[in-house]
Amino acid sequence: MTNMANAILSKRMMRLMRMRMRVGNEIGRNSLPAYNGKQVDPEVDKLFTQQMPPTPKASQSLHGGSKSEASLFLSDNSKRALEKIRDLMRDAIQMKKNELPDLTLSKLREEYLKLDWESRQRALLVLATQFGVDRKRVHDLISHYESLSTDGGEESDAAEAARYRTEHDLRSALMPLSARLFEQMNGQAGGLKFLVDLRADLIATVKEKNLAALRALDSELKGMFATWLGPACLELQQITWANSAALLERIVVYEAVHPISNLYDLKRRLGVGRRCYGYFHPAIPGEPLVFIEVALTNEIVGSIQNVLFEEPPIAEEEATTAIFYSISSTQTGLAGIDLGHFLIKRVVRLLRQEIPNIQTFVTLSPIPGFLKWLLPKLKLQIRYAQVGAEDIIEMSDPPSTTFKENLLLPEEESNLVEACGKDKESISGMQILHDLLTSSDHEWAKSAKLVEVLRAPLMRLCARYLIVEKKRGRALDQVTNFHVRNGASVERLNWMGDTSIKGLETSAGIMVNYIYRLENIDTNNQAYLNKGIIAASPAIEQYLQSRL
């Protein structure tokens, strides 16, 4: 019986070895598609000779305006340039570990940067379609793996080893060829920056040409960035007025929350009572990937104008509160890579070491989506009030919601109508509120009476927007989602916290403080991720209790 079992096992192992050799040979022949001979895939060759796949919704260029049909066809020069790009991609992927790919990769970068926008899109499509996963190899390995089944019987050590080897080969086969190119490029000087810029092009291309292959390529590169740019790979540096002019210029350009108006403004933000910290990567010297601005105070401040334009009232060593008032990412190609999460925590630890008196860590944050959420709701409810429920059913373009609500409390509506000198029978409070918030000159913000009347309804509705309104179980407001996911809680709303034009247009001037209580960070984080619960102070909860 033992001899028979050994014979059966020997035959199975021989079949396994023959299968592995056959699969390996086929993989070697098919892992990289031919491109200079008869084996060129005619469908892929169309990328060079025919029209680009149409944009699903509208064919718009990055810089605006419609693209003529003629612009979607390549000239002979562009076609040759793309063929050179494809050849360089192939050469870089085929190189062995002991070869030096620097020359090939440098040439690839150089040739890609010469391309116009249309040709870059085609090059990315070539990379996504010609250098993806070898599906035949994956299919063969899966079939081979299934053939190793023991039907519930006990496996020998050799058979188990064969299974492990096949699993390893399958994992390797599922890695797209483009990933090899990215790894090669990341190991070259200047390669990481090139890949970041390449993904910026890729993100824009996906928006224009929403194709599965492009989305998969973007997902692959994004995943590699998440690995390469972990906290252990990043350097935290304080940015000061003594840094190079080139670095300071980048801070001015990349500041996305509160634009820097002049050099004096920049110097104040980097001076006494202020801090600016950035995450840097050794492969991209002199350019922060993300940076954060901090004000040192002795209380929680609710006005961004006070933070930006008033001189620090106390000495730094006496500060008890650190206010994070701006965080900006500098690289479009790193969209979706959460570097700010790690940056805030590193800065908190550093400030506690440098200034032990600081025990309170809060943000002073904008609410950029508040009016984008509120104004359509007001318009919808005004429409309900004007046409009546019976007429809505017969409308060809009825409101999308199926219920009617008054967004204002009775006393809030009465105060609005009275403050504007209107007749309650002729116009509703919601119409008045909508008209005030959409006025181009924001005259309401210059009237002490209107500012006071609008305070109660807008603060209440803003609390609802931040805490109650959700999308797929997460805060509808992206800034709220970012901070509560990091373990913060919503501490305080600040009426007229940002009286700039941008602040009035996006959030009716309201700003919010998120507080990072170190002892509650993990609890808040888990409550939000597991149950969608947003931690909030009693003051915020009070606004929610007065909901309609």
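The analysis underlying the following values was restricted to heavy atoms, covering all of them including side chains, and did not include hydrogens, waters or symmetry mates. Position 1 is the first residue of the sequence; numbering continues from there.
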Using 0.5 Å steps for rounding, measure from the [atom1] atom of [X] to the [atom2] atom of [Y].
X    : Y    : atom1 : atom2 : result
I292 : T363 : CD1   : OG1   : 9.0 Å
L214 : K207 : CG    : NZ    : 14.0 Å
K222 : I337 : NZ    : CD1   : 6.0 Å
L221 : W228 : CG    : CH2   : 6.5 Å
E287 : T330 : CD    : OG1   : 5.0 Å
S106 : E111 : OG    : CD    : 11.5 Å

Is it the case that atom [atom1] in [X] sees more than 12 heavy atoms from other parts of the structure closer than 6.0 Å?
X    : atom1 : value
D522 : CG    : no
K84  : NZ    : no
R215 : CZ    : yes
K470 : NZ    : yes
E249 : CD    : no

Report the C-alpha separation of M185 and L108 in whole Å, then their side-chain angles, then the decisive distance to 0.1 Å, and conclude whether the side-chain contact (heavy atoms from CB on, under 4.5 Å) test is met.
CA-CA 10 Å; M185 187 67 74; L108 174 58; 4.0 Å; yes
Which heavy atom of [X] sits nearest to which heavy atom of [Y], and what is that distance?
X    : Y    : answer
S507 : F370 : O-CD2, 3.7 Å
R517 : S489 : NH1-OG, 3.8 Å
G340 : I327 : CA-CD1, 3.7 Å
T104 : A92  : CG2-N, 4.0 Å
S328 : A256 : OG-N, 3.0 Å
G286 : L247 : O-CD1, 3.6 Å

Please tell me whether [X] and [Y] have a donor and an acceptor in their side chains that are separated by less than 3.5 angstrom.
X    : Y    : answer
Q188 : R109 : yes
Y279 : E235 : no
S143 : D140 : no
Q331 : K193 : yes

Donor-acceptor under 3.5 Å ([X] side chain, [Y] main chain):
X    : Y    : value
R199 : A335 : yes
S219 : A216 : no
N524 : I521 : no
R163 : L148 : yes
N186 : F182 : no
D116 : S119 : yes

CA sep, side-chain torsions, deciding dist, call: L113, R120, side-chain contact (heavy atoms from CB on, under 4.5 Å)
CA-CA 8 Å; L113 295 174; R120 286 192 185 190; 3.8 Å; yes
For R275 and E293: C-alpha separation, side-chain torsions, deciding distance, then whether salt bridge (charged side-chain N to carboxylate O under 4.0 Å, His left out) applies.
CA-CA 6 Å; R275 290 285 193 277; E293 297 172 65; over 6 Å; no
Indicate yes or no: at least one non-hydrogen side-chain atom of [X] is less than 4.5 angstrom from one of [Y].
X    : Y    : answer
Y516 : E491 : no
L374 : Y465 : no
L289 : H281 : yes
F225 : L192 : yes
M175 : E183 : yes
D197 : D201 : no
D477 : W373 : no
I260 : R269 : yes

Side chain to side chain donor-acceptor pair (under 3.5 Å) assessment of Q237 paired with Y277
CA-CA 6 Å; Q237 297 179 21; Y277 297 95; over 6 Å; no
Presence of salt bridge, R485 and D338, under 4.0 angstrom
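Judged by the 4.0 Å cut-off on N to carboxylate O distance, D338 and R485 do form a salt bridge.
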Thinking salt bridges, do R165 and D169 make one under a 4.0 Å N-O criterion?
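A salt bridge is absent here (no side-chain N lies under 4.0 Å from a carboxylate O).
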Near-ring test Y112/F194, centroid separation under 6.0 angstrom:
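Centroid distance F194-Y112: below 6.0 Å, so yes.
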Candidate pair L125 and L217, rule side-chain contact (heavy atoms from CB on, under 4.5 Å), full reasoning
CA-CA 9 Å; L125 195 53; L217 183 66; over 6 Å; no
What residue among I533, N486, T480, N481 forms side chain to side chain contact (heavy atoms under 4.5 Å, CB included) with Y528?
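Single side chain to side chain contact (heavy atoms under 4.5 Å, CB included) partner of Y528 among I533, N486, T480, N481: N481.
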Output, in order, the C-alpha distance, side-chain angles, deciding distance and verdict of side-chain contact (heavy atoms from CB on, under 4.5 Å) for D218 and T205.
CA-CA 10 Å; D218 177 62; T205 303; over 6 Å; no
